[in-house]
There are 2 protein chains.
Amino acid sequence: MPVNQMDPTPLYEQLAAILRDQIRRGDWSSGELLPSESYLQQEHGVSRSTVRAALKLLRDEGLVITITARGTFVK
Amino acid sequence: MPVNQMDPTPLYEQLAAILRDQIRRGDWSSGELLPSESYLQQEHGVSRSTVRAALKLLRDEGLVITITARGTFVK
DNA sequence: GAGAATTTGTACGTATGTATG
DNA sequence: ACATACATACGTACAAATTCT
């Protein structure tokens, strides 16, 4: 389910929901590295700012952790 | 022909008519970016709300499309 | 170790979207 | 219709840290 520009829900929230589902579904297991911001940006057709806002939500939920210049890992 | 406060026609309709003519006249070609709402606002001496209302009319006519954070483009 | 490439961090500037008075 | 404020989103540029060659 891609992000939907027509949906009034903010894009970063939509993207966070998508990634959250993929994580819970097990697309990436614990300790595994998520795709880079650059990749997610192209994959979902949004700006990097939006990707980062989405990842921040997941971080705040404690679902992932981000390490500078390394990437974002599943908790 | 600038918008006329004395004219009982709503300002946003007057502005829409002006922009419509400019588009049909070829001031901006297909795919081109229209001036920003901020620019149009100052250019025509109206509020941003009025500019947005005018652009909405043109969108509903299928004459232009607006992309968030990018601008309004001629169809 | 050196240098290039990759990835996240930060900072702007600009534009549209929404809400309020 | 207007003015204001803030949220959301895009794009760019550069810095900092890490990884790859």
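Sequence lines set the chain letters: A, B, ... in the order given, protein chains first and strands last, and positions in each chain run from 1.
Atom CZ in B/Phe73 sits about 13 Å away from atom P in D/dC10, given to the nearest Å. A/Leu33 has its CG atom 11 Å from the P atom of D/dC20, to the nearest Å. Note: CG (A/Leu15) to C1' (D/dC10) measures 15 Å, nearest angstrom. What separates CD1 of B/Ile65 from P of C/dA15 is a distance of 17 Å, to the nearest Å. Rounded to whole Å, atom C1' of D/dC2 lies 11 Å from atom CD of B/Gln5. At whole-Å resolution of the value, CD in B/Gln41 and P in C/dT16 are 11 Å apart. Atom pair A/Lys56:NZ and C/dT8:P shows a separation of 16 Å (rounding to whole Å applied). The separation between A/Leu11 atom CG and D/dA7 atom P is 17 Å, rounded to whole Å.
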Could you go step by step and tell me if A/Phe73 and A/Val64 meet the side chain to side chain contact (heavy atoms under 4.5 Å, CB included) rule? CA-CA 5 Å; A/Phe73 301 82; A/Val64 302; over 6 Å; no
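Closest to the side chain of B/Pro10, out of C/dT16, D/dA9, D/dA1, is D/dA1. When distances are taken from the side chain of B/Ser36 to each of C/dT16, D/dC10, D/dA1, the shortest belongs to C/dT16.
The environment of A/Arg25 atom CZ is dense: over 12 non-hydrogen atoms of other residues, nucleotides or ligands sit within 6.0 angstrom. Sparse packing is recorded around NZ of B/Lys56, with 12 or fewer heavy atoms of other residues, nucleotides or ligands lying under 6.0 Å away.
Rounded to the nearest 0.5 angstrom, B/Gln14 CD and B/Gln5 CD are separated by 8.0 Å.
D/dA5 and C/dT18 make up a base pair, with Watson-Crick or G-U wobble contacts both under 3.5 Å.
A close approach under 4.0 Å does occur between a side-chain nitrogen or oxygen of A/Tyr12 and OP1 or OP2 of D/dT8. Checking the phosphate oxygens (OP1, OP2) of D/dA1, no side-chain nitrogen or oxygen of B/Ser47 falls inside 4.0 Å.
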Review item, nucleotides 17-21 of chain C N/O atoms under 3.5 Å of protein N/O:
unit_1 : atom_1 : unit_2  : atom_2 : d
C/dG17 : OP2    : B/Arg52 : NH1    : 2.7
C/dG17 : OP2    : B/Arg52 : NH2    : 3.0
C/dG17 : N7     : B/Arg48 : NH2    : 2.7
C/dG17 : O6     : B/Arg48 : NH1    : 3.1

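No hydrogens or angles considered: a donor-acceptor pair under 3.5 Å links the side chains of B/Glu32 and B/Ser29.
Two residues, A/Arg70 and A/Glu13, neighbour DNA chain D, and the one matched to the more 5' nucleotide by heavy-atom proximity is A/Glu13.
Looking at heavy atoms from C-beta onward, A/Leu63 lies out of side-chain contact with A/Val74 at the 4.5 angstrom threshold. The side-chain heavy atoms of A/Ile23 and A/Trp28, taken from C-beta on, include a pair separated by under 4.5 Å.
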